[in-house]
Amino acid sequence: MAKNSKKTFYITTPIYYVNDMPHIGHAYTTIIADALSRHKKLAGYDVFFLTGTDEHGQKIEKAAAQKGMTPIELADQVVIRFKNLWKTLNISYDYFIRTTQDFHEKGVQKIFLKLKEKEVIYKGVYKGWYCVSDENFLAEDIPEDSDGQKTCPDCGKKAGQVSEECYFFKLSAYQKKLLDFYTSHPSFVQPQSRMNEVVSFVRQGLKDLSITRTTVKWGIPVPDDPKHTIYVWFDALHNYLTGIGYDLNLASFEKFWPATVHLIGKDILRFHAIFWPAFLMAADFPLPETVYSHGWWLKDETKMSKSRGNVLDPHLILDVFGPDALRYFLLREIPIGLDGNFSHEGFLHRVNSDLANDLGNLAQRTLTMIQNFFGGKIEKIAKERDIDKQLRLAFVSVKNKVFRFYEAYAINRALEEIWGYINQVNKYLAENEPWKLANDESQKENLGRILYQAASALRGISFLIFPVMPESSQKIWDYLGESTPIEKESYATLKFDGFSLGKKIRKPKALFPRVKLKDFLAEEKSKTVQIPKEGHMDYITFDEFKKIDLRVGEIIKVEKVEGTRKLLKIDVNIGTETRQMVSGIADEYKPEDLVGKKLVVVINLKPAVIRGIESQAMLLAAEIDDKAIIPFFIEDVPAGAKVK
RNA sequence: GGCGGUGUAGCUCAGUAGGUUAGAGCAUGCGGCUCAUAUCCGCAGUGUCGGGGGUUCAAAUCCCUCCACCGCCA
């Protein structure tokens, strides 16, 4: 099979388990993968970026049953949420694989059979601790209690020891091969410290791995022995093969396999750095180049977890700031291998200072000056002086460094480098004071040179930030009068002087609005929702319900809240008076469609200040896949009527 | 308990083939500019480089030891 002459780059995220709603952790991994993909495309690689969902297993089976759904219905619902979030974040994946897809299941079965024929998979007896009430085997690594028994971590009841027939993968046979592989490929696991952990784990000896269950029905059946179900890891890991076409589109598969990098969270390192290469060795597939384990985002210094209830939902940030600020923050704040701390203060600080003050303001002042002093079009410029040349040469050097940092997955360093250059351009403007030359007609061409130089630098910057901030990058590009998508450029073609004279600059709008902390936090509070634990219903009494004053409201006036994507300021007549409220529904409803409509509003909710505006009431809406749907009255009801 | 890592300015961190007064960003203070999103530019600090000991003409950087925190394993 002849490989394409272009170099290929195949990057994967883990497939996300559909019993969980997408949160900042999922977003982080996927954003890293997206930025690296975009960089590699600009660098001329043929890129394949795979993400998707892991949909089998007992947890899904149970979660679905609790909700009165079938597993696939639950999966379908969660998949939409993931896809929506990726769309909002501008994730440019090439394929979204679901482990319930037919070709994936067939691919896994085929490999299973192959390994069984090679006797790398054999039938045996699994002894383990089983929790009767949860109908679940306990994870191997749960320690014994003092009495030699084990306790189920989910329900706290004592588990019993049972045996069942199952298939094993002969992992023990791969200990030496794996250690040899690690020695000959020392950068297989990144960062290095994780490689050390892997090696020391394998050195301690590997036990064969049970890879099927009879107690789980929701999964891929073992071929020719369907009472056994293939256990999730053997199923899930093979998505990296089936997702690029294994067994269905071999041309694509052979073009992209082996993967360049599997991006993972450190919790699943063992599966990717030990089990996965062993499976691949057994089936005679080449091994991936790198498994890159990234760190965690902590929330206010503590680990985010479902049980702590401090899992960060990215939607609030996205509503206020759009995707690029979040992408920038996550990639700029920490190197990929380390943990980071997410606080709203830190986020806002970074975004205001780097995006609004430095880059946003640079774009704004440059474009505005060209607009004001040249009517948007620079026609003639003076010869390049030394100081102008320095700015141009500095860009070349920055571009090379940024390229190398991106190549090394050091995205934070690349951004630091770019921001160093942004400061340099701001300094260049301060030193040359173009606003002073503007009063002197004889200085017109010198003025033109200075602004030309600044615009060229800005154009270069917009290219360099593209992997991290595709939307803002393209915006700046467009403002500078470019008419092509930025992806048409590459590191090879991008020139400092690419900004050509006579191009009409578009009138700019603030790229990254500054947001004040107290407004942001108020909005966060107003949006924080208590989600009842699955399977539990927190009842309230009728007396408690009566405390909520619900009224029919008539919408009088609606306007957009400046500087936000989603917020509308709505004046609503509640019979006795008109109240204003702020609501994040601009994606779903246009202001003109709302006026005159009647709906239900809460009028005794403590007012909150959102983006500087006091919200004195709240409307009711269904939240469906993060879209708000408002129930309106069809009948003609008087404003102010009580609703109960 | 075993293996690995980290501890440097108020905060986040950079800095090891040992070498002149230990750096950056943010935060703080002062000054300048007004094209720009109260933005931008300049200047100014501050540190027993976790503690102790050692090697060396010279150590944040090498060695020993102790303390604290983190990760993996048991």
Side-chain angles (χ1 to χ4, degrees), chain A residues 140-144 189 191-207 265-270 273-274 293-296 298 300-303 321 325 329 332-335 337-343 345-374 376 387 405 410 412-413 415-439 443 447-448 450-451 454-455 458 472 479 505 507-517 562-564:
Chain A
E140 297 266 346
D141 53 9
I142 291 166
E144 285 178 11
V189 174
Q192 192 59 44
S193 56
R194 298 286 158 199
M195 179 55 125
N196 298 340
E197 288 176 13
V198 168
V199 170
S200 69
F201 184 87
V202 175
R203 281 222 182 98
Q204 285 174 31
L206 295 173
K207 278 188 282 185
K266 57 188 179 181
D267 54 329
I268 52 176
L269 178 63
R270 201 185 299 170
I274 301 173
S293 154
H294 66 70
W296 294 132
L298 312 175
D300 298 321
E301 310 288 346
T302 45
K303 194 177 167 182
F321 296 92
F329 178 81
R332 167 64 181 78
E333 198 72 359
I334 52 168
L338 298 183
D339 288 349
N341 184 46
F342 196 106
S343 71
E345 289 85 348
F347 173 81
L348 200 68
H349 190 260
R350 166 79 56 201
V351 163
N352 276 341
S353 141
D354 292 6
L355 297 186
N357 295 356
D358 294 345
L359 175 57
N361 184 54
L362 172 63
Q364 189 74 6
R365 67 196 303 209
T366 305
L367 295 166
T368 307
M369 279 191 277
I370 296 178
Q371 199 65 241
N372 292 349
F373 305 155
F374 289 93
I387 189 170
F405 281 132
N412 63 321
R413 301 294 301 280
L415 290 170
E416 265 175 52
E417 200 62 47
I418 298 169
W419 256 256
Y421 189 64
I422 290 173
N423 292 340
Q424 209 176 323
V425 183
N426 269 325
K427 191 174 169 181
Y428 170 87
L429 287 175
E431 282 171 356
N432 285 287
E433 301 182 306
W435 48 91
K436 284 192 178 160
L437 303 186
N439 302 320
Q443 293 291 326
L447 176 61
I450 294 164
L451 294 182
L458 186 60
S472 312
Y479 281 139
I505 296 301
K507 220 176 171 177
K509 248 191 273 169
L511 283 165
F512 307 101
R514 279 183 74 85
V515 176
K516 286 196 187 114
L517 181 65
E562 274 310 307
T564 68

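Chain letters run A, B, ... following the sequence lines, proteins first, then strands; residues in each count from 1.
- Within the 4.0 Å cut-off from OP1 or OP2 of rG71(B), not a single side-chain nitrogen or oxygen of R194(A) is found.
- Nucleotide rA68(B) has rU6(B) as its partner under the Watson-Crick or G-U criteria, with both atom distances under 3.5 Å.
- Among the nucleotides rC72(B), rA74(B), rU39(B), the one closest to any side-chain atom of E197(A) is rC72(B).
- When all heavy atoms of D358(A) and N426(A) are compared, the closest pair comes out as O-ND2, 3.7 Å.
- Among the nucleotides rG71(B), rU39(B), rC33(B), the one closest to the side chain of E433(A) is rC33(B).
- The distance between atom CE of M369(A) and atom C1' of rC35(B), rounded to the nearest whole Å, is 4 Å.
- For the pair I334(A) and K436(A), nearest-nucleotide mapping onto RNA chain B gives the more 5' position to I334(A).
- rG47(B) and rA9(B): their C1' atoms are spaced 5 Å apart (whole Å).
- Of all heavy-atom pairs spanning I450(A) and Y428(A), the tightest one is CA-OH, 3.5 Å.
- Across all strands shown, rA60(B) forms no Watson-Crick or G-U wobble pair with both key distances under 3.5 Å.
- Nearest nucleotide to the L511(A) side chain, out of rA36(B), rU37(B), rC72(B): rU37(B).
- Checked against rG71(B), rG42(B), rC35(B), the side chain of K427(A) finds its nearest nucleotide in rG42(B).
- The side chain of H349(A) has rA27(B) as its nearest neighbour among rC35(B), rG71(B), rA27(B).
- A donor-acceptor pair is defined here as one N or O able to donate and one able to accept, closer than 3.5 Å; no such pair exists between the side chain of N412(A) and the backbone of E333(A).
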